[in-house]
Amino acid sequence: MNKKIIGKAYILGDNIDTDQIIPAEHLVYSMSDTEESKLYGKFALSSVPPKQAGLPNGNIPFIEDGKFDSEFSIIIGGSNFGCGSSREHAPYALQKAGVKAIVAESYARIFYRNSVDGGYLVPIESAERLIDKIKTGDNIEIDFENHTIKNLDNEDDFKILPVGDLMPIVEAGGLFEYARKSGMI
Amino acid sequence: MGQTITEKILAKSAGKTSVKPGENIWLNVDVLMTHDVCGPPTIDIWKKEFGADAKIWDKDKLVIFPDHYIFTANKHANRNVELLRKFAKEQDFKNYYDVRTDRYKGVCHIALAEEGFNVPGTVLFGTDSHTCTSGAFGMFATGVGNTDAAFILGTGKIWEKVPQSIKFTFTGKLPPYLTAKDLILTILGDIKTDGATYRAMEFDGEGIFSLNIDERMTLTNMAIEAGGINGIIPADDLTAEYVRVRTDKEFEIFRSDEDAGYFSKYRYNMNTIEPTVAKPHSPDNRDTVKNVEGVKLTKCYIGSCTGGKLTDFEYAAKILFGKEVNVPTFVVPASTQVAKDLEHTEYQGVTLKKIFEDAGCVIAQSSCAACLGGPDDTIGRAVDRDVVISTTNRNYPGRMGSKQSDVYLASALTVAASAVTGVITDPRNFIT
Ligand code: SF4
């Protein structure tokens, strides 16, 4: 795992549920077929109501028309990110769209597990609410060693919480990699 | 200090004498359930990790119900069912309930109960967030994603963090205008969609044990709407009787100790709760039906694992008997068993099916249908600016198909009353 992640931020509100992340009608595509699976990136976050898409102003499409990935690789969310269904397609679709990390105040359990166990992206908990402190498009640096998230455009600095006892799975890159390393399978 | 029912069941599954909240433990899984949306990617991961010739860990413990996208021309959706069929053949396991055969069941959580897979004291994982429904049988049941399910498929094991529990005690008895749906919507309004994140929601009290099994399942079904890892109701005689006619498996009944530790406790009196709705666009956006009466509707929907059980249709029939609906109304029995029951169960000497037909409802085939929107040709799906009142469990933007639509969640009584008038209507106008 990289010690630092740098990218453009995309800001979302509270209770971003899995239907907003990847609407149910798109769950039919193959996740193993390289070409077809790109569709998950194309439709990532496609059900977020336009006004809430890319705060504070909204109306910023996460994926531009005709594209399969996003210029934004860091998502900043409010509380209860990923609530709703158990679909692993949710963190997968975000990964397909090019997202490297999410920073949110809190996560729904299954989304958090799926992100970590599937090795799709790193779900990071922020120590404070960030969605009104960082703007969509800001350049952000996440530093895992110093537990900080920095806004490179204005040097604002915020704290993130340590990953805790799931760190070995995050570091291994997923549940299977972890289980192999530790001799379970 | 004593232990909660959830802690006791998890300890047993982990082979320990006791566990503490916060502890990460490895569980031995009794049943793994999957369906047509999450089954194929789970199988892909499993094959990738365990090899093309791998065998599943236990043929008797895997259950697959295709249920989400069944009656559709969508080729990708049909391919998913085809993949499950192939897998069932290749692994030669019996608990596969194929579409277009007389084994087809419909919505997985209801089918699990009907087919005897819900057994008190056991641990069930499913690739569906509403797997918590099975907790109504005094067991630990929770949802996971494909990677976790693939891990179980190969090893029979999975890690879990022991949750703290929240206790909800209900006194009193349900008045005739109220259902379990009103109770759980009330709780959601109080604790919000993240109020039980990573916690067990335990239901208790004389009020709970006066509910039938269908209604208990409505409560545990929506534990996930508060972020709960599981919902759980200790088994009683009614549970034991339901389970014994459906399986020969031996089971152990667990109860929480008097001195068990809880994160928090809530008490409710059923007699004082009013008919309740969740307004758009969140299941915790609670209000009384009275306060939103008069909102003009374009669709009514009675179905899903939450509100498509026989008891829900019995409620609806009480209001729809001898009346006509004023707005397109969809009746979607959760399972094929419920669909059969509609043909035999009577109210005032008339079958429920006939009551719905005479009222002008559209009766659809059993499946998840429009509960989660689904492909374009899904029956009852919300389109454009539809205003829907539904017995389902989620009303996040786009959940029922259109992100411009407004979805209100309510009991089958409230939906039926609203179907008759065409606007949101308090069931007490029909039932006192
Ligand atoms: S009926 Fe709805 S909530 Fe229940 S399993 Fe199907 S899609 Fe999920």
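To find a chain, count down the sequence lines: A is the first, B the second, and so on, and within it residues start at 1.
- In this structure, no portion of A:S37 lies under 4.5 Å from any heavy atom of chain B.
- When heavy atoms are compared at a cutoff of 4.5 Å, B:F151 approaches chain A by way of both its backbone and its side chain.
- Chain B forms the most heavy-atom pairs under 4.5 Å with one residue out of A:P91, A:P49, A:G119, A:S47, and that residue is A:S47.
- For a residue to count as touching a neighbouring chain, one of its non-hydrogen atoms must lie under 4.5 Å from one of that chain's; by this rule B:D376 touches chain A with the side chain only.
- Proximity to chain B (any heavy atom under 4.5 Å) is shown, for A:Q52, by neither the backbone nor the side chain.
- With salt bridges taken as basic N to acidic carboxylate O contacts below 4.0 Å, none links B:E23 and B:K20.
- Proximity to chain A (any heavy atom under 4.5 Å) is restricted, for B:N74, to the side chain, taken from C-beta onward.
- Of the listed residues (A:S32, A:G118, A:G174, A:S85), the one with the most heavy-atom contacts under 4.5 Å to chain B is A:S85.
- Using a 4.5 Å cut-off between heavy atoms, A:T18 does not touch chain B at all.
- Contact record, A:L121 with A:L94: CD2-CB, 3.8 Å, taken as the closest heavy-atom pair.
- For chain A, the nearby part of B:I224 is the side chain; its heavy atoms alone come within less than 4.5 Å.
- Interface summary for chain B: among A:D19, A:D165, A:D117, A:I110, the most heavy-atom pairs under 4.5 angstrom belong to A:D117.
- For B:N80, the part sitting under 4.5 Å from any heavy atom of chain A is the side chain, from C-beta outward, and nothing else.
- Because its NZ or CZ atom is both nearer than 6.0 Å to the ring centre of A:F68 and within 45° of the ring axis, A:K42 counts as a cation-pi partner of that residue.
- Contact annotation for B:I45: only side-chain heavy atoms (C-beta onward) come within less than 4.5 Å of a heavy atom of chain A.
- Both the backbone and the side chain of B:W159 come within less than 4.5 Å of a heavy atom of chain A.
- There is no contact between B:A149 and chain A, counting heavy-atom distances below 4.5 Å.
- With a 4.5 angstrom heavy-atom cutoff, B:R399 touches chain A via backbone and side-chain atoms both.
- Residue contact with chain A, scored on non-hydrogen atoms closer than 4.5 Å, is absent for B:I43.
- In this structure, chain B has no heavy atom under 4.5 Å from any part of A:F81.
- Atoms NZ and CG, from A:K38 and A:D33 in turn, are 10.0 Å apart once rounded to the nearest 0.5 Å.
- For A:Y107, the part sitting under 4.5 Å from any heavy atom of chain B is the backbone (N, CA, C, O) and nothing else.
- In summary, of the residues considered (B:D128, B:T220, B:N221), a side-chain hydrogen bond (donor to acceptor under 3.5 Å, both in side chains) with B:H109 occurs for B:D128 alone.
- Between the side chains of A:N15 and B:T193, at least one donor N or O lies within less than 3.5 Å of an accepting N or O.
- In this structure, the side chain of A:T136 engages the main chain of A:L55 through a donor-acceptor pair within 3.5 Å.
- Heavy atoms closer than 4.5 Å to chain A are found in the side chain of B:T197, but not in its backbone.
- Side-chain contact annotation: A:K51 with A:N59, donor-acceptor N/O pair under 3.5 Å absent.
- Contacts with chain B were tallied for A:D14, A:V48, A:L166; A:L166 has the most, counting heavy-atom pairs under 4.5 Å.
- The pair A:K133-A:D156 does not meet the salt-bridge criterion, since no charged nitrogen lies less than 4.0 angstrom from a carboxylate oxygen.
- Contact annotation for B:P40: neither backbone nor side-chain heavy atoms come within less than 4.5 Å of a heavy atom of chain A.
- Heavy atoms closer than 4.5 Å to chain B are found nowhere in A:I16, neither backbone nor side chain.
- For the residue pair A:S86 and B:S129, no side-chain donor N or O sits within less than 3.5 Å of a side-chain acceptor on the partner.
- The pair A:R129-A:E105 meets the salt-bridge criterion, with a side-chain N (NZ, NE, NH1 or NH2) lying under 4.0 Å from an Asp/Glu carboxylate O.
- Your options are B:E225, B:H130, B:R79, and the one with the most heavy-atom pairs under 4.5 Å with chain A is B:R79.
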